[in-house]
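Letters A, B, ... mirror the listed sequences (proteins, then strands); counts begin at 1.
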Number of protein chains: 2
Amino acid sequence: MITIGRLADYAGVTVKAVRHYHERGLLPEPGRDSSGYRRYTAEDAVQLIKIRTLAQAGVPLARIKDLLDADPDALAAAVAEIDRDVRDRIAQLRHVRDQLAQLRGGDGLFVSPEVAAHLDDLRRLGVSERQIRLERDGWILMQTASPEDAALWIAEKRELIADPEFRALYLEHDAAYDWPPSDPRLPALADRTRRWFAAHHSRSETRPVHDPAVARLAARTQPGASSPAWDRLAQLMAG
Amino acid sequence: MITIGRLADYAGVTVKAVRHYHERGLLPEPGRDSSGYRRYTAEDAVQLIKIRTLAQAGVPLARIKDLLDADPDALAAAVAEIDRDVRDRIAQLRHVRDQLAQLRGGDGLFVSPEVAAHLDDLRRLGVSERQIRLERDGWILMQTASPEDAALWIAEKRELIADPEFRALYLEHDAAYDWPPSDPRLPALADRTRRWFAAHHSRSETRPVHDPAVARLAARTQPGASSPAWDRLAQLMAG
DNA sequence: GTCGAACCCTGCCCCTGGGGCAAGGTCAAG
DNA sequence: CTTGACCTTGCCCCAGGGGCAGGGTTCGAC
């Protein structure tokens with residue numbers, strides 16, 4: 001005949017938890033001694049350890065209650081299922097660890113692997129972090145709007161970036177962000193860009209070409225997504 | 001500019017969770033469009049995925065809030081600690097799987113490994129399941145009362161059970177449970193038992209000898225823990 | 001142009017698995 | 001005879017949302 005505290009210690013749970021299990025009907029209320037204390041038997045300890053084991057496995061108390069007075073076969077089946085569940089949770093936690101590792105570093109947490117690879121390419125080309133963030137955010141918006149289209153576009157874009165002239169234009173647009181709007185290089189850059197688009201447009205047909213301007217458009221709502229020089233550039237190219 | 005549903009899908013959380021994060025101040029309330037719908041940017045998606053990752057790692061929302069506007073070094077340190085935590089949880093879940101395996105089978109879940117081994121010995125000797133349950137429950141009560149003493153006693157008991165005469169007596173006591181109280185074998189058994197105890201007592205000194213009667217005593221409150229024959233046996237041995 | 005499906009809004013109460021604290025009664029040791 | 005460690009009931013609190021009510025909106029199809 002042991003007290004609630006000893007029982008709880010033995011099973012590795014708190015006294016409060018034991019009383020909670022009584023309330024939920026998982027553990028029968030035992031008899032009381034002359035001063036009203038609950039007095040437990042070894043049988044209760046066995047039951048309580050079963051409860052603790054299932055509870056630690058994440059089984060809801062209501063289901064534990066059902067399991068405890070199910071027949072042994074049903075319990076064995078349920079335990080097998082619970083075990084599978086725990087195995088899955090372990091796998092999921094491992095995945096969480098991978099994500100935590102990514103949280104420390106790259107953008108892999110926020111965009112698809114292809115886009116992450118693309119951003120790494122840009123970084124290697126020497127593109128500014130500001131521009132890369134703009135690209136990243138643009139891709140996020142595209143992926144939410146239409147993951148399939150975004151997958152096609154990123155493939156196209158990665159081919160495009162293999163073209164040396166496109167790369168040069170991209171880097172110069174990036175650099176132009178900080179220029180004064182009156183900079184004499186702007187009209188030349190606008191002209192060169194237009195010529196490249198014209199030449200390229202004739203070759204690629206069905207889809208609208210995906211270009212930095214689209215990313216800027218998509219991310220337009222962000223603060224700092226444009227600059228006086230870019231605005232001027234857009235004017236020049238439109239005119 | 002995306003809606004709450006798209007944002008939630010992209011981050012892999014529910015719409016309800018997003019609103020919950022707004023209430024908790026984890027995610028800033030975005031602007032509304034003309035019909036009062038919340039409109040999100042890519043920035044919000046980045047933030048939300050960070051929140052989701054930390055939340056899946058089991059970090060409390062209040063702490064996530066602090067982490068999100070801590071400096072990068074503090075965040076890195078916190079992430080390292082969280083990762084350790086997740087690693088520990090994985091280890092604990094693996095332990096839970098072991099326990100679940102034991103739930104299917106033996107008594108290892110309820111008593112110390114030594115006692116479990118002892119119960120297996122008894123099973124191998126052909127002791128009845130009724131008696132084994134009685135032993136198990138006795139050991140549980142002893143372990144709750146005093147784990148150190150129980151450890152000493154189980155060591156003694158396992159030595160004792162190596163004695164062929166003790167084994168024979170143990171098995172006969174077990175068999176006697178079902179005898180009628182008038183069975184003529186009972187006085188002889190009582191006598192033999194007393195003689196064994198007398199012979200053994202002189203050798204072992206300091207501690208009271210642990211014997212089946214103690215287990216019966218401890219488990220006395222259990223239903224079916226005794227029988228007419230055992231009661232008669234106790235009388236014979238005491239007188 | 002209108003209909004239905006699929007969204008969105010706020011607000012409220014509900015759940016699990018206990019923890020914490022109050023305001024007592026009890027027990028064993030020194 | 002006190003002191004500290006137990007035990008009792010009862011009540012409110014927490015996270016992290018889920019579910020439902022009772023509305024408004026948008027979008028595509030027909």
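- Looking at Val96(A) and Leu100(A), their side chains come closer than 4.5 Å, going by heavy atoms from C-beta outward.
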*List the protein contact pattern of nucleotides 9-14 of chain C with one symbol per nucleotide (5' to 3'): B for base contact, S for sugar-phosphate-only contact, - for none; contact means a heavy-atom distance under 4.0 Å.*
SBB---
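- In this structure, Arg6(B) atom CZ and dC27(D) atom P are separated by 11 Å, rounded to whole Å.
- Note: CG (Asp9(B)) to P (dC7(C)) measures 8 Å, nearest angstrom.
- Atom-to-atom, CZ of Arg39(B) to C1' of dC7(C) comes out at 10 Å; the value is rounded to the nearest Å.
- Between Ile2(A) atom CD1 and dC6(D) atom P there is a gap of 14 Å when expressed in whole angstrom units.
- Taking atom NE2 of residue His20(B) and atom C1' of nucleotide dC15(C), one finds them 13 Å apart after rounding to whole Å.
- Positionally, the nearest nucleotide of DNA chain D for Pro60(B) lies more toward the 5' end than for the other of Ser34(B) and Pro60(B).
- Counting heavy atoms from C-beta on, the side chains of Ile82(B) and Leu54(B) come closer than 4.5 Å.
- For the pair Arg39(A) and Thr3(A), the minimum side-chain heavy-atom distance is below 4.5 Å.
- Atom CZ in Arg63(B) sits about 18 Å away from atom C1' in dG16(D), given to the nearest Å.
- Between Gln131(B) and Leu122(B) there is no side-chain heavy-atom pair separated by less than 4.5 Å.
- Taken residue by residue, residues 21-28 of chain B places heavy atoms nearer than 4.0 Å to DNA chain D at Tyr21(B), Arg24(B).
- Taking the six-membered ring where tryptophan is involved, the planes of Trp230(B) and Tyr177(B) are perpendicular, since the angle between them exceeds 60° and thus also 30°.
- Just one residue in the list Arg94(B), Arg97(B), Arg104(B) forms a salt bridge (Lys or Arg N to Asp or Glu O under 4.0 Å) with Asp83(A), and that residue is Arg97(B).
- Counting heavy atoms from C-beta on, the side chains of Leu160(A) and Tyr170(A) never come closer than 4.5 Å.
- Applying the 4.0 Å criterion to OP1 and OP2 of dC6(D), one finds that Thr3(A) has every side-chain N and O outside that range.
- Proximity of Phe110(B) to Trp139(B): side-chain heavy atoms (C-beta onward) are nowhere separated by under 4.5 Å.
- Spacing between atom CG of Leu48(B) and atom C1' of dG17(D) amounts to 14 Å, rounded to whole angstrom units.
- Using a 4.5 Å cut-off on side-chain heavy atoms (C-beta onward), Lys50(A) and Leu75(A) make no contact.
- Of the two residues contacting DNA chain D, namely Leu61(B) and Asp33(B), the nearest-nucleotide position lying further toward the 5' end is that of Leu61(B).
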